[in-house]
Protein chains: 4
Amino acid sequence: MSRKLRMGMIGGGIGSFIGDVHRKASAIDGMIDLVCGAFSSNAEKSIASGKALYLEADRCYGSYEEMIVKEKELPEDIRMDFVAIVTPNHMHFAPAKMALEYGFHVVCDKPLTLTLDESEALQKVVKNSGKLLALTHNYTGNAMVKQARAMVQNGDLGEIRKVQVQYLQGWLSTAVESTDNKQAAWRVDPKKSGIGGALGDIGTHAENLLEYITGLKITEIAADLGRFGKGRVLDDDGNLLLRLENGAKGTMSISQIALGEENNLAIKVYGEKGSLEWHQENPNELITRWIDQPKKIFTPNGNGLYQEALNVSRIPAGHPEGYLEAFATIYRNFALHIKAINNGDTIKKTDYPTVEDGIRGMKFIYAAVESDKNNSIWVKV
Amino acid sequence: MSRKLRMGMIGGGIGSFIGDVHRKASAIDGMIDLVCGAFSSNAEKSIASGKALYLEADRCYGSYEEMIVKEKELPEDIRMDFVAIVTPNHMHFAPAKMALEYGFHVVCDKPLTLTLDESEALQKVVKNSGKLLALTHNYTGNAMVKQARAMVQNGDLGEIRKVQVQYLQGWLSTAVESTDNKQAAWRVDPKKSGIGGALGDIGTHAENLLEYITGLKITEIAADLGRFGKGRVLDDDGNLLLRLENGAKGTMSISQIALGEENNLAIKVYGEKGSLEWHQENPNELITRWIDQPKKIFTPNGNGLYQEALNVSRIPAGHPEGYLEAFATIYRNFALHIKAINNGDTIKKTDYPTVEDGIRGMKFIYAAVESDKNNSIWVKV
Amino acid sequence: MSRKLRMGMIGGGIGSFIGDVHRKASAIDGMIDLVCGAFSSNAEKSIASGKALYLEADRCYGSYEEMIVKEKELPEDIRMDFVAIVTPNHMHFAPAKMALEYGFHVVCDKPLTLTLDESEALQKVVKNSGKLLALTHNYTGNAMVKQARAMVQNGDLGEIRKVQVQYLQGWLSTAVESTDNKQAAWRVDPKKSGIGGALGDIGTHAENLLEYITGLKITEIAADLGRFGKGRVLDDDGNLLLRLENGAKGTMSISQIALGEENNLAIKVYGEKGSLEWHQENPNELITRWIDQPKKIFTPNGNGLYQEALNVSRIPAGHPEGYLEAFATIYRNFALHIKAINNGDTIKKTDYPTVEDGIRGMKFIYAAVESDKNNSIWVKV
Amino acid sequence: MSRKLRMGMIGGGIGSFIGDVHRKASAIDGMIDLVCGAFSSNAEKSIASGKALYLEADRCYGSYEEMIVKEKELPEDIRMDFVAIVTPNHMHFAPAKMALEYGFHVVCDKPLTLTLDESEALQKVVKNSGKLLALTHNYTGNAMVKQARAMVQNGDLGEIRKVQVQYLQGWLSTAVESTDNKQAAWRVDPKKSGIGGALGDIGTHAENLLEYITGLKITEIAADLGRFGKGRVLDDDGNLLLRLENGAKGTMSISQIALGEENNLAIKVYGEKGSLEWHQENPNELITRWIDQPKKIFTPNGNGLYQEALNVSRIPAGHPEGYLEAFATIYRNFALHIKAINNGDTIKKTDYPTVEDGIRGMKFIYAAVESDKNNSIWVKV
């Protein structure tokens, strides 16, 4: 029988940024209900958040351990199907592991874990559990990113030669971590963020987007990281050279001190036959260039798209979709996979980032940090 | 006690465009649950749609009359709080009237009704019922539209002198109504659309957006309508001169045969001290011009915004919101109003379009048609 | 023998805007030398200007009459080939007539003359003289305008259905004519400007651009003019409905009180098969839309252009050309025509605006003023 | 006495790209006349070119040596004032040296010479000659580049932290050097280009623009060069990390195989208080971002500019200037300097690139090549 999937949330109390994003994104397509949560390590706060979210009182838990245990005890037609983990990085591994081991699927925010070791351990847990893990590299959920990937896969661009990717923000230009900005505080703290600052927070998005669109692995990087904010031990800026597995070369520029930039993730890919360019802040167009034709601009549900792009557009051309819709695409594809499994369908994995993407991201962080420590020598990813 | 509001839907069976938009938009902010529906005048189709939407079988109704009657009989803590009417124009009035008379609030798609008479009748029904009616002129739900309105209200632009508004689409460039395009078929049929074609479908959005941002009434229009599609009796194109109540002048251009245009609603407002420009297809920026300062571009949750704009942004600057989010703002503000009433709070109406906006829209259509019949003479709105 | 053409200038003393533009534009392509001038009705000023422009003292004249007479007396291999008239509108007719009658070709700034009568008289003078007259509707000299026109002519867009043209400036938003702004002073003075204000100054450009690109005549207009500046008797703003000879419809919006606009001339043309859009402030791209293909952006010397566009680009793709280069194209084509005549070549007229364009412009002004006086009734152009 | 300056040209026969650019650019402002030339090493071709350019026959020379000697012999009021050298790189040094030693000022295309040794030798020649040398890093002649530099100099951006500069072209994506493309042929030939391919041709522009705007020296670079075209020995692509003298970091990306890119030179500069962004293909806007204000867009002759930017705009705001006008600014400022010297005025050097800029460019090329040979180690510039 067809039914909505039931989600439990770990972290993301009222007032959090990313918890709210996960809630909205999972709601858009009408396939998922939030039914329970452990929204804070403080039980009182957790319950207050649950109440504000209209949850039933007995499903607002004081800790994620409690939630996982208690939900497991509920009848199958009531208990949650999966958890969404939206805590800071250092709180990803333990709840993900426990949830998987208790038989729940997992959606986890990025980067996957605090350390590479944890990620590799988690990969095994996923495998052993037979459950699904989706990593919210949400930008790959944009229709124009799907179109870009499909164009590369179909050979429209020919062999890729050059890439540029950047993810620029300016919100850490000043010492906001010294104010009561919780978002900033944990991100500059290596105990909560891991060895990468901007690298983990946004660099992994850039790395993931590049590998997703090109279908090529980054094999080597040379990194020069900046720590411009006074007293910061983690990078808040980075400039990287890239080499890809097919011989293509490129640059990556990331920053959280690029003053005035809001959320400027952008990518350019140059091939032997064509090129493409996409900007997250204006996500509803894909700019393409060609040897002997004028520049062409693709739009969601517009003319000339591949099916992969058409699949993710929810509304007619010219009706812009944004950040939440792209995020929702991850949830939708994840939900479709669970439903297929529940129905006993034998389908191939639908299209969303997984634990393998998470490990790529962690390796990217580690390689960049090592290169930077060694005056920007090339380091294998 | 705090709870989600319960929505019933009239029209909008699986596969419909605008029904799906209403469902997604009402879901985003987590304040509303779809609990029942009469999705089609065909009972079987209605039930199939309800099932596909995961509704309980006994709340998938065969007709809106059945739904309203049966829901009324349900206990207060179960029955729907309001209906969303997402049928073609000729099917707005009757269900809205009945729902209101049975004590349900109403969300109604635009234009308000088939005829101006119906609209004026509905206005009385609303008044007598003491219930709320929201009209989904969704574009006013954009953060940058709120900013634009606030800037005018605060006098930043000075006295308004000139306006330009356009709403251009190209999807009726060919005879799509002769294919199995249901969207097109009813829109070109005066029995279902009313006396306005493009006028009602998109012209009312343009009119509403202009009056919303400027706070000024259009007092006179001179219209030259086009019927370019072979055999069309309703306008599929229109060019209008505008005069506003304060002496400002302007143009409106609307079209559904502007080949290649997707959903190009755009407005420019020129005042004595400043000017503004907004494009729906790129909704996350508001362009402003000044006597002695460079052009300034505002963005949602970016620098320098009025509170009215900040209120509606759900995510940080640089994270684009789109069509669904703007639509959701109408639902959110409507839901907040219902909640306030339910709580016995004495608040002022929160900000969403109402039956009065609907009547303005109908008068606009009628004036445009009359002007066009008389070789574009000026007609009072 | 091949040689540079020799130009004499009437008006355009040092400090003038349009005189300097004509000098620079005529110099770019290396085909024309400025050899003499009557730069001011004040002989002293005229001579000072000529000196500052490095002219020989005996070819700096105190009046245009003197220049025409004296140049005529010079040996053929020294005397000027043509005059460029860059005075205010009321000073176009007399010098143009005299120059033609003395056997000189003429370049004249727009609008052609102060009155329609003068224009029609001048048309006869041109005809009788056998000499050439170029009118500097400079915007038609842009490569992307040539491409636009060629696309329409080749039927790429199919039958034209809808047009939008606008020419928006803001420099008369305040009473600059009360300051020592000479540009403003004569433009708001009907004795020097004629019966049109913005209509003549920029409206004629809009009208000419539209007819040039579409190859269609505007047959009727309905105009609502504004006089927003205190005490102004001439229009400083206008909103117009347009009907073209083939049944297409459209709008024109012009203004010199559109605060913050710099020189925003823009046009959109919608056909049955394709559409195009061009913005003067960003002249190096032509946006096109299609039934079943994505949006395509053409650029000067870029891919996919017609020969007509390639002919006017001076530098490789990506090297922007601007206002002066477009202006220079008028001069170049005019010079090529003179050279052909001088060489006894029998070529067809090369591509530049002529006295006929000037008469169209004057008729446009007159029709708009008449319509406006009669509360925007339709008036034939 | 005031007079036009007289220019002789070396290289740049009819059909050449950059020779024509120099001619047009030097003509725009009406301060310079082309009076003689040695347009080709083939005497016949040189003379044919001179004739086509309307030069007097006896001043069309068969070689640059002949031109320099013969012009020197002419009376002072007839002979050329300066030479413009527009040959391939390997033909810069000898004519520049000889011209200077014969007492002529020099305009030289970039990069300065074939080798760094030549550049340093030329620097001494310039010094000893007491004559001027202008290097045509033409992009610094844009009004918005002047504004950018002035904003940095005035501290508007605060301390600079991060830079991005790119210069992307696609015209060498295929083996055009195997066709009869002369532009391509010499550029991929180390005997004519020097040790840098794209590095010399466009990388030096990027380097110069960055140092010009920021006022900061690049102190170290780490380069990864590409040679994507089959059989190419010189770089046709490059990715570089940058460190500036004040501790700022950044990236440079250059390419001539970035398929579909036309002439995409662009720069972003991020400071502690503000940021700026400029794109050569859309040169008439400067995008700026701020801590607590919305994004501001500056335009030539628009609101809020520094005098340095106002100085170079030739036409009112909204009238776009382009590549040739920026190029012309170099010529204008160079001409003003010569005139000042000729008048015996003691002025400071006006603003144009000189031999020192040329040496910076050569050092940049050498450092990049050395870094690339050593697997992208950091190399001092």
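Chain identifiers are assigned alphabetically (A, B, ...) following the order of the sequence lines, protein sequences preceding nucleic acid strands; residue numbering begins at 1 within each chain.
Listed options D:Q293, D:R243, D:Q166 were ranked by heavy-atom pairs under 4.5 angstrom with chain A; first place goes to D:R243. For the set D:L157, D:I257, D:L241, D:L168, the entry with the most heavy-atom pairs within less than 4.5 Å of chain A is D:L241. Counting heavy-atom pairs closer than 4.5 Å to chain D, the top-ranked of the candidates A:L259, A:L240, A:L242, A:I377 is A:L259.
Note that the NZ atom of D:K268 and the CD atom of A:E261 stand 5.0 Å from one another [nearest 0.5 Å]. Separating the OG1 atom in A:T174 from the CG atom in D:D292 is a distance of 10.5 Å, to the nearest 0.5 Å. Atoms OG1 and CD1, on D:T251 and A:I254 in that order, are 11.5 Å from each other to the nearest 0.5 Å. Interatomic distance, A:S376 OG to D:E220 CD, rounded to the nearest 0.5 Å: 8.5 Å. Rounding to the nearest 0.5 Å gives a distance of 12.0 Å between CG of A:N239 and CG of D:N239.
The local environment of CG in A:D180 is sparse, with at most 12 non-hydrogen atoms from other residues, nucleotides or ligands closer than 6.0 Å.
With a 4.5 angstrom heavy-atom cutoff, D:T288 does not touch chain A via any of its atoms. Using a 4.5 Å cut-off between heavy atoms, D:I291 contacts chain A through both its backbone and its side chain. In this structure, chain A has a heavy atom under 4.5 Å from the backbone of D:L225, while its side chain stays farther away. D:E272 touches chain A through its backbone: at least one of N, CA, C or O sits under 4.5 Å from a heavy atom, while the side chain does not.
You'll find the side chain of D:W378 reaches within 4.5 Å of the side chain of A:N375, heavy atoms only.
Shown are A:D372, A:D235, A:D224; of these, the salt bridge (charged side-chain N to carboxylate O under 4.0 Å, His left out) with D:K249 is made only by A:D224.
A distance-only check finds no donor-acceptor pair linking the side chain of A:S275 to the backbone of D:G260 [under 3.5 Å].
A salt bridge does not link D:D237 with A:R161: every distance from a Lys NZ or Arg NE/NH1/NH2 to an Asp or Glu carboxylate oxygen is 4.0 Å or more.
For the residue pair D:S253 and A:K162, a side-chain donor N or O sits within less than 3.5 Å of a side-chain acceptor on the partner.
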